Amino acid sequence: MRKIILLLASVALVVLLSLGAPSSMPKDVEALSTKPNIVFILTDDMRKDDLRYMPKTRSVLKEKGMSFENAFISNALCCPSRATIMRGQYAHNTGVWTNLVDTPTGGWNAYRVNGNERDNMATRLDAAGYKTALFGKYFNGYWDDTTYIPLGWDRWFATWGGYFDYDANDQGTIKHFGTDGSDYQTDVLGRRTKDFIGASAAAGKPFFAYVAPRAPHLAATPAPRDLHAYDGLKAPRSPSFNELNVSDKPPWIRDLPKLSDAEQAAIDDRHEYR
């Protein structure tokens, strides 16, 4: 099987830039980039230090990839980031500025209206002979037209809702997943991604798998088997956590009340579930 490139969200633009590489690139560079298989994992609201709890993923990234010690994003909201990943453009060019689905500048509506679905990472890879697939979240507001499949995707399994009791557009057919352990969304996405990779490899086709689980977005819900894996784990206490002296901070920070014991306990619980 061809070499698989495993990516996290922070290296999305590397993929996009490679799509736009000029035809005059050096032959040695061109040879290295000849149709590698790509698995792109886009987590939702993940902290960079959450990687300590993902030893397998961290091992692959460390040993077979690269890490960006200084990485920055121009608009850290969900939908603008997803549009930038797919298009390789800032929000003022994609037209997606917010997550608000009922505005002309937010969510899937803005992405679609601005013509972004006609030319993006999926359409270009599809045109280059790749089998393309999306598993998981697409954009906020996509559920307004749930049977729709955008251009460029050979395999489509878009989900919306929670970790349990959610719906998915499976190749144009709406399927509901309930509350059984086997319905846990991250596991469902993993199984379908594995099937897609296996089928593509068997067919000898280069593939691009865009895997976008809900995790660890709130309300963070672990799989039943992992419910007690981190009992009692505390959230990080950086120097800014419930800082006593905030006289050097902006007025809106100085006006905030200190976190109560109950609020700190809730933060710890949320961290444990994440």
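What you see is a predicted model; the values in this text were computed from it and never measured.
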Could you tell me if [Y] and [X] have a donor-acceptor pair between their side chains, going purely by distance under 3.5 Å?
X: S182; Y: D180; value: no
X: N169; Y: Y138; value: no
X: E117; Y: W108; value: yes

Practice item. For residues 93-102, pull every pair meeting side chain to side chain donor-acceptor pair (under 3.5 Å), keeping only residues two or more places apart or in separate chains. Key: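 Residue pairs with at least one partner in residues 93-102: there are none.
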The criterion is side chain to side chain contact (heavy atoms under 4.5 Å, CB included); which residues satisfy it with [X], sequence neighbours excluded?
X: K194; answer: none
X: D45; answer: H217
X: A265; answer: none
X: S59; answer: E63

If hydrophobic residues (ILVMFWY) are linked whenever their side-chain heavy atoms come closer than 4.5 Å, directly or via other members, who joins [X] in its cluster?
X: L227; result: Y273
X: L233; result: Y53, Y230
X: Y90; result: none

Practice item. Measure the acute angle between the ring planes of W156 and Y142, then classify it against the limits of 30° and 60° as parallel, tilted or perpendicular. Key: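 If you compare the ring of W156 with that of Y142, the planes turn out perpendicular.
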Review point. Of the non-hydrogen atoms in F164 and P224, which two are nearest, and what is the gap between them?
Key: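 Where F164 meets P224 most closely, the heavy atoms are CZ-CD, 3.8 Å.
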Review point. Charged N to carboxylate O under 4.0 angstrom, K205 versus D154?
Key: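 Judged by the 4.0 Å cut-off on N to carboxylate O distance, K205 and D154 do not form a salt bridge.
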Practice item. Tell me, yes or no, whether the heavy-atom count around R191 atom CZ, taken from other residues, nucleotides or ligands under 6.0 Å, exceeds 12. Key: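 Above 12, so yes.
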Exercise for review: With sequence neighbours excluded, tell me which residues meet ring-ring contact (aromatic ring centres under 6.0 Å, His included) with F241.
Suggested key: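 Not a single residue meets the ring-ring contact (aromatic ring centres under 6.0 Å, His included) criterion with F241.
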Salt bridge (charged side-chain N to carboxylate O under 4.0 Å, His left out): pairs with one or both residues in [range], sequence neighbours excluded:
range: residues 74-84; result: D44-R82
range: residues 254-267; result: none
range: residues 161-171; result: R155-D170, D170-K175

Point to revise | Note, T57 side chain near V60 side chain (heavy atom, < 4.5 Å) | key: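 Not in contact.
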